[in-house]
*Asks:* 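First, the structure itself, so that you have it in front of you.
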2 protein chains.
Amino acid sequence: MTLEEQLKQKEFKTKRQRAYLNVVYTASVLNLEQTRLFKPFGLSLQQYNVLRILRGQNGTPVSIGLIQERMLDIQSNASRLIDKLEDKKLAIRKVCPNDKRQMEITITQEGLKVLLELDEVIVLNESNIQLTDGEADMLNDLLNKLRTNQKNK
Amino acid sequence: MTLEEQLKQKEFKTKRQRAYLNVVYTASVLNLEQTRLFKPFGLSLQQYNVLRILRGQNGTPVSIGLIQERMLDIQSNASRLIDKLEDKKLAIRKVCPNDKRQMEITITQEGLKVLLELDEVIVLNESNIQLTDGEADMLNDLLNKLRTNQKNK
DNA sequence: GCAAATTATATGTATATACATACAATTTGC
DNA sequence: GCAAATTGTATGTATATACATATAATTTGC
């Protein structure tokens with residue numbers, strides 16, 4: 001389905017505007033899809049992203065600030081996401097002994113287990129994407145170019 | 001800046017995955033940028049989108065359901081967005097006489113005035129986009145293709 | 001014409017973002 | 001070595017989404 005059909009809009013002022021809106025729209029479709037994928041596992045999309053970051057550290061504890069840096073969403077509120085994960089026993093927070101301002105976050109065995117289950121679901125889902133490698137590369141380049149000269153990192 | 005630099009991630013499993021994440025990331029950058037653009041005018045991004053839809057009707061009242069259909073964000077909660085616009089005297093809600101379930105929403109003079117101010121800001125902002133027409137078309141096509149076979153409209 | 005189904009909107013709850021602010025721990029400048 | 005600045009995290013508030021549910025008005029089936 002084209003963007004015009006979807007938005008029931010006849011036309012856009014410029015091709016750039018159409019592409020711009022298409023990025024925003026496509027992302028919302030992808031986000032919704034992922035959110036629904038994670039729901040049966042009791043995880044939100046962002047909670048999943050935090051767990052992924054924690055697993056990526058292979059046991060090395062991670063600070064809240066580092067999680068914040070790595071999150072896809074700019075200025076995401078890692079502190080409250082960790083709250084939720086702790087409630088579910090998927091992550092643990094400890095005060096860092098060297099710097100008592102910092103927190104040391106680690107993923108639990110339980111957290112690793114949930115991620116493992118999700119890995120399969122994700123792979124299955126990503127196989128739905130119809131782009132060739134060349135197309136994916138081109139899309140990637142165009143998005144990088146679109147972001148150029150946009151002021152907010 | 002490339003996605004890898006931004007996310008401080010060495011590599012992605014597949015080119016498709018990189019493109020997928022880039023769409024989500026780019027959209028969040030664009031959304032944040034627009035949100036900041038509208039903030040000085042006391043409008044959120046979604047409130048602005050609703051006002052645009054109302055203006056597009058040239059005075060013909062619009063139902064909540066129609067606004068919902070036209071919103072970029074899937075399943076956006078138009079009812080509460082109209083609440084906010086009514087509070088600010090930018091839109092008016094009336095019960096439709098023919099079908100008392102429906103609401104007839106119209107934009108006020110005040111609302112039109114705010115939109116007019118914003119039009120200039122938007123045009124200025126969109127001129128920052130560095131894509132040629134050809135690139136914008138290609139980006140548009142690739143995004144449409146990416147959405148193909150994704151189950152959620 | 002009336003009960004059942006549908007439709008249009010509203011609302012409650014959980015989650016998340018953006019921003020401002022708070023506060024304690026640490027570092028820096030002198 | 002101490003005051004000032006910075007850093008790391010937490011929290012309060014406004015906004016928004018997703019989903020479930022509620023409720024009133026309308027349409028449909030018989």
Side-chain angles (χ1 to χ4, degrees), chain A residues 24-25 27-51 61-69 71-88 91 93-105 152-153, chain B residues 24-25 27-51 61-69 71-88 91 93-105 152-153:
Chain A
V24 173
Y25 173 69
S28 81
V29 170
L30 300 182
N31 271 323
L32 180 60
E33 178 183 60
Q34 288 220 49
T35 298
R36 287 182 179 161
L37 219 54
F38 296 150
K39 192 153 202 201
F41 296 85
L43 280 182
S44 73
L45 177 52
Q46 298 310 336
Q47 288 169 17
Y48 168 77
N49 286 334
V50 172
L51 282 186
V62 174
S63 71
I64 298 275
L66 201 136
I67 293 172
Q68 200 115 321
E69 269 180 36
M71 292 287 288
L72 257 189
D73 286 79
I74 303 141
Q75 283 233 33
S76 155
N77 202 331
S79 185
R80 277 182 269 226
L81 283 171
I82 299 291
D83 286 348
K84 303 288 163 59
L85 293 176
E86 259 197 313
D87 289 349
K88 293 173 199 157
R93 219 196 218 104
K94 272 191 208 160
V95 174
C96 170
N98 299 330
D99 182 342
K100 285 176 211 144
R101 291 170 304 179
Q102 275 193 63
M103 288 292 165
E104 292 186 336
I105 323 291
N152 310 297
K153 59 158 182 171
Chain B
V24 173
Y25 174 68
S28 81
V29 171
L30 300 183
N31 271 323
L32 180 60
E33 178 184 60
Q34 288 221 47
T35 297
R36 287 182 179 161
L37 219 56
F38 297 150
K39 192 152 201 201
F41 296 85
L43 281 183
S44 73
L45 177 52
Q46 297 312 333
Q47 287 169 19
Y48 168 76
N49 285 334
V50 173
L51 281 186
V62 174
S63 71
I64 299 276
L66 200 136
I67 293 171
Q68 199 113 324
E69 268 179 36
M71 293 287 287
L72 257 189
D73 286 79
I74 304 143
Q75 283 233 33
S76 155
N77 202 332
S79 187
R80 276 182 270 225
L81 283 170
I82 298 292
D83 286 348
K84 302 291 163 57
L85 293 176
E86 261 198 311
D87 289 349
K88 292 171 199 156
R93 218 196 219 103
K94 273 191 206 159
V95 174
C96 171
N98 299 331
D99 182 343
K100 285 176 210 142
R101 291 170 306 179
Q102 275 194 63
M103 287 293 166
E104 293 187 335
I105 323 292
N152 310 297
K153 57 158 184 169

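To find a chain, count down the sequence lines: A is the first, B the second, and so on, and within it residues start at 1.
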*Asks:* CG of Leu32(B) versus C1' of dC19(C): gap in Å, rounded?
*Replies:* 11 Å
*Asks:* Rounded to the nearest angstrom, tell me the gap between atom CD in Gln34(A) and atom P in dT17(D).
*Replies:* 19 Å
*Asks:* Find the distance Phe41(A):CZ to dA14(C):C1' and express it as a whole number of Å.
*Replies:* 20 Å
*Asks:* Expressed as a whole number of angstroms, how long is the span from Asn31(B):CG to dT15(D):P?
*Replies:* 17 Å
*Asks:* When you compare the side chains of Gln47(A) and Lys88(A), does any donor N or O come within less than 3.5 Å of an acceptor on the partner?
*Replies:* yes
*Asks:* To the nearest Å, give me how far apart CG (Asp83(A)) and C1' (dA10(D)) are.
*Replies:* 8 Å
*Asks:* With a 3.5 angstrom cut-off on both distances, give the Watson-Crick or G-U wobble partner of dC30(C), or none if there isn't one.
*Replies:* dG1(D)
*Asks:* Please confirm whether the backbone N or O of Asn31(A) pairs with a side-chain atom of Arg36(A), one donor and one acceptor, at under 3.5 Å?
*Replies:* no
*Asks:* Arg101(B): which residues meet the side chain to side chain contact (heavy atoms under 4.5 Å, CB included) condition with it, sequence neighbours left out?
*Replies:* Asp99(B)
*Asks:* What string of B, S and - do you get for nucleotides 3-8 of chain D, 5' to 3', if B is base contact, S is sugar-phosphate-only contact and - is no contact with any protein heavy atom under 4.0 Å?
*Replies:* ----BS
*Asks:* Under 4.0 Å between a side-chain N or O of Gln46(B) and OP1 or OP2 of dT17(D)?
*Replies:* yes
*Asks:* Can you check the Arg93(B) CZ to dA8(C) C1' distance for me, whole Å?
*Replies:* 12 Å
*Asks:* Once you apply a heavy-atom cut-off of 4.0 Å, does Asn98(A) come out as touching a base, just sugar-phosphate, or nothing?
*Replies:* sugar-phosphate
*Asks:* Round to the nearest Å and state the distance from Ile67(A) atom CD1 to dT9(D) atom P.
*Replies:* 9 Å
*Asks:* Of Cys96(A) and Arg80(A), whose closest DNA chain C nucleotide lies nearer the 5' terminus?
*Replies:* Arg80(A)
*Asks:* What's the closest nucleotide to the side chain of Lys100(B) if the choices are dC19(D), dT26(D), dC19(C)?
*Replies:* dT26(D)
*Asks:* Does a salt bridge link Lys94(B) with Glu104(B), judged by any charged N lying under 4.0 Å from a carboxylate O?
*Replies:* no
*Asks:* Could you work out, with side chain to side chain donor-acceptor pair (under 3.5 Å) as the rule, every residue matching Gln68(A), not counting sequence neighbours?
*Replies:* none
*Asks:* Under the 3.5 angstrom rule, does the side chain of Glu86(A) hit a backbone N or O of Arg93(A) as a donor-acceptor pair?
*Replies:* yes
*Asks:* Can you check the Lys84(A) NZ to dT13(C) C1' distance for me, whole Å?
*Replies:* 12 Å
*Asks:* If each of Asn77(A) and Ala78(B) is mapped to the nucleotide of DNA chain D with the nearest heavy atom, which maps nearer the 5' terminus, i.e. the 5' end?
*Replies:* Asn77(A)
*Asks:* Please report the closest heavy-atom contact between Leu43(B) and Phe38(B), naming both atoms and the distance.
*Replies:* O-CB, 3.2 Å
